[in-house]
Amino acid sequence: MTKLPNAAQFEVVVQVPPQFDKYVDSAMLRLQSLYPTCRLATIDGAISIGSSGSLAEDQLRRAVLHTLYREKIYAETLSMRQALFRAVTGR
C-alpha cells in the first residue's frame with residue numbers, strides 16, 4: 001500500500017454499475033475488514049469511502065471496484081463450486 005505523508009482527509013465516491021448492486025453489502029463488509037480505519041457508506045448507487053489520507057485515492061477506488069467484481073464472481077460460481085464439492089466428497 002502506498003502511504004501518503006501528512007495527507008489531508010478525503011472522500012472517494014465510486015459509482016456502482018447496476019449489475020453489481022446486489023453485491024454492495026458483501027463487498028462493503030470485505031472492504032471494512034481490509035481497511036478498518038476508513039469510513040464506508042452507500043449513497044444513491046455509489047460507495048463512499050472516507051480516509052485519513054494514509055491511502056491514495058486511486059488505490060481506494062481500485063479496491064472498491066475489484067472487491068465488487070470478486071463478490072459478483074463468488075456469488076455466480078457458488079452453486080458450481082458446491083456441486084463440485086459434493087461430487088468429489090460424495091456428500
Side-chain angles (χ1 to χ4, degrees):
M1 279 187 236
T2 306
K3 299 280 184 181
L4 299 176
N6 302 322
Q9 291 189 2
F10 62 89
E11 182 177 3
V12 176
V13 177
V14 179
Q15 294 298 319
V16 177
Q19 65 267 31
F20 291 91
D21 281 344
K22 63 183 178 180
Y23 310 108
V24 168
D25 291 335
S26 55
M28 284 187 55
L29 185 62
R30 185 182 297 263
L31 286 165
Q32 286 174 345
S33 69
L34 293 173
Y35 303 105
T37 60
C38 292
R39 298 169 310 282
L40 291 149
T42 55
I43 303 171
D44 298 326
I47 295 177
S48 170
I49 301 179
S51 177
S52 63
S54 60
L55 299 168
E57 290 184 47
D58 63 330
Q59 188 176 22
L60 288 174
R61 185 176 311 282
R62 183 173 42 245
V64 168
L65 294 172
H66 181 74
T67 302
L68 280 168
Y69 179 75
R70 285 180 54 122
E71 289 301 321
K72 183 177 189 295
I73 297 300
Y74 177 80
E76 290 178 350
T77 62
L78 181 60
S79 61
M80 180 175 42
R81 287 182 283 116
Q82 288 172 332
L84 180 61
F85 179 79
R86 282 191 299 273
V88 170
T89 61
R91 294 183 188 180

Subject >> Test side chain to side chain contact (heavy atoms under 4.5 Å, CB included) applied to L40 - qualifying residues, sequence neighbours left out >> reply: M28, L31, Q32, I47, I49
**OP:** Could you tell me the separation between the OG1 atom of T77 and the NZ atom of K72, rounded to the nearest 0.5 Å?
**Re:** 10.5 Å
**OP:** Quick one: pull up OG1 in T89 and CG in L84 and give me the separation to the nearest 0.5 Å.
**Re:** 9.0 Å
Subject >> Hydrophobic cluster identity match, V64 and L34, side-chain contacts under 4.5 Å >> reply: yes
Subject >> Atom CZ of R70: over 12 foreign heavy atoms under 6.0 Å >> reply: no
Subject >> D58 CG: over 12 foreign heavy atoms closer than 6.0 Å >> reply: yes
Give every donor-acceptor pair under 3.5 Å between a side-chain atom in residues 10-27 and any protein atom, sequence neighbours left out.
residue: E11; atom: OE2; partner: S48; partner atom: OG; Å: 2.2
residue: S26; atom: OG; partner: Y23; partner atom: O; Å: 3.2
residue: S26; atom: OG; partner: E71; partner atom: OE1; Å: 3.2

